[in-house]
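One structure is given here, and the rest of the page talks about it.
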Amino acid sequence: MSHQDIDAAKLPNLLQLVDILKRKSCEIIAKRDVNGHIDSNMEESWHSINMEYYNHADEDKFIVVQTQKRRHTLKPNLRNCGFIYRGQRKEYPHILSSFARDEYDSQGNPLVLKQFRPKHLRSNLLSEDFIALLLTNPLSMMFDRGIILEPEKRPFFINMNYYGLAQHYGFKTGVVDFTTDINVAAFFASTISVGYDKYRPLTDENIKANPVGVIYVHPIIPDLTFKPIFPFTTIGLQIYPRSGAQKGILFNEGTVPIEECVLPFRFRQEVGISKFIFERMHEGSDLFPKDSICMYAKEILEGNDVSGLTFAQNMYSNQDNLDENLSDLKQENIHVNWRKRMYFTHNMLHDFDQDLKNGMWEQFCNQIYFGDSQVGKKMHESLLNLPKNPAYQVYFNINEYSRLTYYWHSMDVRAKRNEVNKMSIS
């Protein structure tokens with residue numbers, strides 16, 4: 001039976017489906033290896049295997065997990081999580097990344113390469129410009145260089161997923177969003193997007209057109225789900241709060257195989273439930289917390305130019321033809337600005353400094369869990385106190401930022417001086 005032929009009246013509503021999935025999740029957790037369950041006498045360590053599944057942390061914490069590259073990700077706590085979820089207001093034949101959707105027309109028919117290539121190029125360059133900007137954030141520089149946390153005496157690297165951050169700030173990418181939080185999936189399954197970071201509850205007209213929503217689930221298998229056999233990766237907690245608020249997980253391919261990888265659970269849309277979920281998430285503000293980078297992401301997305309350096313790097317890495325790429329961008333009304341550089345300007349650094357004054361760093365640190373051992377607690381305390389550590393003042397003190405970005409800073413000063421000169425001449 002096609003999903004279009006499903007009788008909505010015979011389906012549970014969304015709140016009923018959430019309860020069903022929570023019960024199924026509990027069943028999966030109960031079947032996990034009994035030897036891996038929490039031992040009340042166990043001393044946890046950030047070296048522990050599978051600590052994201054077996055820990056004493058609160059459910060809203062992000063667990064420090066070591067990757068194969070000996071860096072560390074901040075993964076949502078999976079102790080009481082049996083599923084990864086994706087919510088959609090409407091069911092489609094395929095689960096596609098925003099990038100892959102450009103390969104189809106409005107009727108769902110595949111396009112030929114020359115038809116979707118200009119959109120792909122535009123999307124790539126805009127997201128790469130955004131990532132280039134993020135890399136000059138002071139905390140990005142600090143994490144990239146590694147930090148020393150007491151009592152450890154070696155560099156500790158927290159992995160930032162910049163491509164995943166681009167996805168969460170509205171850029172078209174080749175990954176698909178999932179979440180470990182059923183309530184997050186329920187929000188996206190029962191609301192409609194009406195602009196950048198803006199959603200509203202469904203109306204009778206919306207439901208009449210699409211009466212059936214869907215929650216896709218992937219059962220979490222500790223030894224498989226985040227291994228190469230399944231291309232799921234963690235975005236989790238990042239320096240900017242949005243991905244953490246959404247408990248983000250990414251599927252790293254453009255198309256998610258339904259039935260093979262995820263199972264669809266359909267539900268009946270209802271106006272009252274949509275409004276309830278919308279208000280429970282404070283009109284979406286819980287999932288899209290405001291920070292200074294939102295405005296700059298929006299400017300890049302709505303702009304009509306890309307930086308020359310990003311354009312050149314993209315062309316070189318893909319072995320593209322210069323004239324073809326310029327022609328493709330012209331179709332998308334995008335101009336290559338050879339003078340443009342992506343870096344945190346003086347104004348952006350002031351905005352970031354205000355983020356820090358508003359408690360951004362403390363909020364970030366207080367969500368992180370190193371384990372309940374004395375070492376883990378000391379590492380957390382050391383992380384929280386980095387702004388007071390003289391060795392890291394350059395990353396937290398606006399008067400020191402020019403030492404990090406002296407080249408970009410001087411360019412910014414020269415640009416401002418030139419603007420003043422032009423104004424005085426005119």
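In what follows, residues are counted from 1 in the order of the sequence shown.
Of the N and O atoms on the side chains of Asn77 and Glu59, not one donor lies less than 3.5 Å from an acceptor on the other residue. For Gln393 and Asn389, the side-chain atoms include no donor-acceptor pair closer than 3.5 Å. For the residue pair Gln238 / Asn161, no side-chain donor-acceptor distance below 3.5 Å is found, with atom types taken as modelled. With hydrogens and angles left out, the side-chain atoms of Glu128 and Thr310 include no donor and acceptor closer than 3.5 Å. A donor and an acceptor atom, one from each side chain of Asn183 and Arg280, are located under 3.5 Å apart. A side-chain donor from one of Glu205 and Thr203 sits under 3.5 Å from a side-chain acceptor of the other. With hydrogens and angles left out, the side-chain atoms of Tyr395 and Arg145 include a donor and acceptor closer than 3.5 Å. For the residue pair Asn159/Thr73, the side-chain donor-acceptor check at 3.5 Å is not satisfied. Between the side chains of Tyr369 and Asp60, no donor N or O sits under 3.5 Å from an acceptor N or O. Asn325 and Arg117 share a donor-acceptor pair across their side chains, judged by distance under 3.5 Å alone. With 3.5 Å as the limit, one finds no donor-acceptor pair spanning the side chains of Tyr401 and Asp353.
Sequence neighbours left out, the pairs with a member in residues 242-282 that pass ring pair (Phe, Tyr, Trp, His ring centres under 6.0 Å) are Phe232-Phe251.
Between the side chain of His72 and the backbone N or O of Val64, no donor-acceptor pair lies under 3.5 Å.
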Between Lys377 and Asp372, does a salt bridge (charged side-chain N to carboxylate O under 4.0 Å, His left out) hold up when you go through it step by step?
-> CA-CA 6 Å; Lys377 292 174 182 177; Asp372 66 351; over 6 Å; no
Hey, mind stepping through Thr225 and Ile84 against side chain to side chain contact (heavy atoms under 4.5 Å, CB included) and telling me if it holds?
-> CA-CA 10 Å; Thr225 296; Ile84 298 171; 3.8 Å; yes
Ring pair (Phe, Tyr, Trp, His ring centres under 6.0 Å) evaluation trace for Phe83 with His218 = CA-CA 5 Å; Phe83 288 128; His218 168 83; 8.8 Å; no
Decide side chain to side chain contact (heavy atoms under 4.5 Å, CB included) for Ser98 and Arg101; before the verdict, give the C-alpha distance in whole Å, the side-chain angles of both, and the deciding distance to 0.1 Å.
-> CA-CA 5 Å; Ser98 55; Arg101 288 173 209 154; 4.1 Å; yes
List the steps, then state whether salt bridge (charged side-chain N to carboxylate O under 4.0 Å, His left out) holds for Asp305 with Lys340.
-> CA-CA 9 Å; Asp305 68 348; Lys340 184 176 183 179; 3.1 Å; yes
Would you sort out whether Asp197 and Arg242 count as a salt bridge (charged side-chain N to carboxylate O under 4.0 Å, His left out), showing the intermediate values?
-> CA-CA 11 Å; Asp197 290 356; Arg242 181 171 302 187; 2.7 Å; yes
Where do Leu125 and Leu329 land on the side chain to side chain contact (heavy atoms under 4.5 Å, CB included) test, with the steps shown first?
-> CA-CA 10 Å; Leu125 294 178; Leu329 289 182; 3.8 Å; yes
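Contact between Ile258 and Tyr92 at its shortest, heavy atoms only, is CD1-O, 4.5 Å. Between Thr191 and Tyr199, the closest heavy-atom pair is OG1-CD2, 3.5 Å. The minimum heavy-atom distance linking Asn137 with Tyr240 is given by the pair ND2-OH, 3.0 Å.
Between Arg266 and Glu91, at least one side-chain N (NZ, or NE/NH1/NH2) sits under 4.0 Å from a carboxylate O, which counts as a salt bridge. Asp102 has a carboxylate O that lies under 4.0 Å from a charged side-chain N of Lys172, or vice versa, which qualifies the two as a salt bridge. Using a 4.0 Å cut-off between charged nitrogen and carboxylate oxygen, Lys75 and Glu52 count as a salt-bridge pair.
For CD of Gln367, the number of neighbouring non-hydrogen atoms (other residues, nucleotides, ligands) closer than 6.0 Å is greater than 12. Within a 6.0 Å sphere centred on CD of Glu299, heavy atoms belonging to other residues, nucleotides or ligands number more than 12.
Within the 4.5 Å cutoff, the side chain of Leu250 has no heavy atoms near those of the Phe178 side chain. Inter-residue side-chain proximity for Ile28 and Pro219 is flagged as met; some heavy-atom pair is nearer than 4.5 Å. In this structure the side chain of His380 never reaches within 4.5 angstrom of the side chain of Leu149, judged on heavy atoms. Side-chain contact between Glu381 and Asn385 is present, with heavy atoms from C-beta onward closer than 4.5 Å. Counting heavy atoms from C-beta on, the side chains of Leu383 and Phe370 come closer than 4.5 Å.
Paired with Leu139 under the rule side chain to side chain contact (heavy atoms under 4.5 Å, CB included), one option of Asp355, Ile239, Leu386 passes, and it is Ile239.
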